[in-house]
Asks: 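Quick one: structure below, then a few questions.
Order of appearance sets the numbers: ligands from 1, and atoms from 1 within every ligand. We're numbering straight along the sequence, starting at 1.
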Amino acid sequence: MTAQLIDGKAIAAKTRLRVAAETAEFIAATGVVPQLATVLVGEDPASAVYVRNKHVACEKVGFRNQQHTLPATTSQAELLELVSRLNGDPAVHGILVQLPLPEQIDEQVILDSVHPLKDVDAFHPENVGLIVQGRPRFLPCTPAGVQVLLRESGVEVDGAHVVVIGRSEIVGKPMGMILVQKGETANATVTICHSRTRHLPSIVRTADIIVAAIGRPNFVTADMVKLGAVVIDVGINRVGDRLVGDVDFDDVREVASAITPVPGGVGPMTIAMLMQNTLTAARLQTGGAAK
Ligand code: GUN
């Protein structure tokens, strides 16, 4: 078996087109142009590329956007002041503080300070709580992007055993929470594995769908994958001058029924879902109910 490739670039482009069309309708109806503000602290080259890609996507869907780039020496108080200013600016609908932040800044304090209606990353405890209760305001971008990839690829999630590898606040935990909920492309039986899990390979071997988000190159090998399983690779690891995922792609594609490449799989979807969330934020702040 050679796996079907799940084309994240194509599915993200389709999602962006839908968001662009809905944005044009929203602007025509309200006169309000959705706006995303990003905040980048320091000079991490990977973060700078991610933020640039987010602004390119904003232009494509018709959003206003503004980037705030602060030096690596920025204090927590200075960053809080900027977030507070953006919270109070009615022309800014979404705020994205790019992670990681320099070590003198407590990430949780900053993420907690973003206004919950502008929290397009869905990191604020109020938004995490709404997700856990099955009534999400915003869906976290990467897990939501994985869900759209599964839906658009026709993968049967209902009743499937999904094994998520990794328990991060950004991917692993919310991924499990979204797929276990009642609903379309959900109703899964979810196991979340992590670095302390006993017998991890034998658990992964029982998965119908594997979501690898552990941040270790080539962690998922072919012997861990049941014949015909669907494999979603969230990892982006730099090995020499190459970007590789968490999955040993060349071997696993011979066992899986469908697999995402890295790059060109989950990455483009994350940004497409950020666009979706920014439009939702603009709707919520313009008196209309979010669709
Ligand atoms: N850094 C890596 N991924 C993300 C993300 O999804 N959101 C933010 N804000 N920073 C990140």
Side-chain angles (χ1 to χ4, degrees), residues 8 12 15 36-58 63 65-70 72 74 76 79-80 82-83 86-87 92-103 105-116 118-125 127-128 131 136-149 164 166-178 211-216 232-238 243 245-246 260 262-263 265-278 280-281:
T15 304
L36 177 69
T38 66
V39 181
L40 175 63
V41 185
E43 274 122 46
D44 178 50
S47 289
V49 171
Y50 296 147
V51 168
R52 191 173 338 119
N53 289 340
K54 290 168 188 180
H55 288 280
V56 169
C58 282
F63 293 166
N65 54 96
Q66 52 180 263
Q67 179 174 344
H68 299 265
T69 307
L70 303 178
T74 300
Q76 182 164 304
L79 183 54
L80 278 173
L82 172 59
V83 172
L86 296 172
N87 280 341
V92 169
H93 305 99
I95 301 170
L96 181 134
V97 181
Q98 185 68 24
L99 303 179
L101 291 169
E103 59 183 17
I105 297 175
D106 183 336
E107 274 180 9
Q108 201 64 61
V109 169
I110 300 302
L111 298 179
D112 288 1
S113 76
V114 174
H115 191 292
K118 299 191 178 190
D119 172 35
V120 286
D121 266 322
F123 290 162
H124 190 282
N127 289 321
V128 175
I131 292 162
R137 175 186 284 148
F138 301 113
L139 289 174
C141 300
T142 300
V146 170
Q147 190 180 36
V148 172
L149 287 179
V164 179
R167 55 175 159 178
S168 70
E169 305 298 334
I170 298 186
V171 184
K173 274 197 220 172
M175 185 79 253
M177 205 46 70
I178 287 173
V211 180
I214 197 158
R216 291 205 223 153
I232 306 291
D233 191 350
V234 181
I236 303 182
N237 307 290
R238 195 168 287 278
L243 283 185
D246 291 351
T260 58
V262 175
V266 175
M269 284 311 298
T270 296
I271 296 183
M273 300 323 287
L274 175 66
M275 300 300 107
Q276 172 75 65
N277 280 349
T278 303
T280 300

Asks: Measure D121 to ligand 1 on non-hydrogen atoms and call it side chain, backbone, both or neither using the 4.0 Å cut-off.
Replies: side chain
Asks: Quick one: which of K54, Q98, E107, M273 has a heavy atom closest to atom 11 (C) of ligand 1?
Replies: Q98
Asks: For Q67 and T69, does a side-chain donor sit closer than 3.5 Å to a side-chain acceptor?
Replies: yes
Asks: When rounded to the nearest 0.5 angstrom, what is the spacing between CG in L79 and CG in D106?
Replies: 11.0 Å
Asks: Without hydrogens or angle criteria, can the side chains of Q98 and K54 be said to hold a donor-acceptor pair below 3.5 Å?
Replies: yes
Asks: Could you identify the single nearest non-hydrogen protein atom to atom 10 (N) of ligand 1 and state the distance to 0.1 Å?
Replies: L99 N, 3.0 Å
Asks: Let me have the donor-acceptor pairs involving side chains of residues 37-51, under 3.5 Å, with sequence neighbours excluded, atom names and distances please.
Replies:
unit_1, atom_1, unit_2, atom_2, d
T38, OG1, H55, NE2, 2.6
D44, OD2, S47, N, 3.1
D44, OD2, S47, OG, 2.9

Asks: Have a look at I110, I95, L111, I170 and point out the one with the heavy atom closest to atom 3 (N) of ligand 1.
Replies: I170
Asks: Hey, which atoms in ligand 1 end up nearer than 4.0 Å to a heavy atom of V97?
Replies: 8 (C), 9 (N)
Asks: Please name all residues satisfying side chain to side chain contact (heavy atoms under 4.5 Å, CB included) with D246, sequence neighbours left out, ordered by chain then number.
Replies: A212, I214, D233, N237
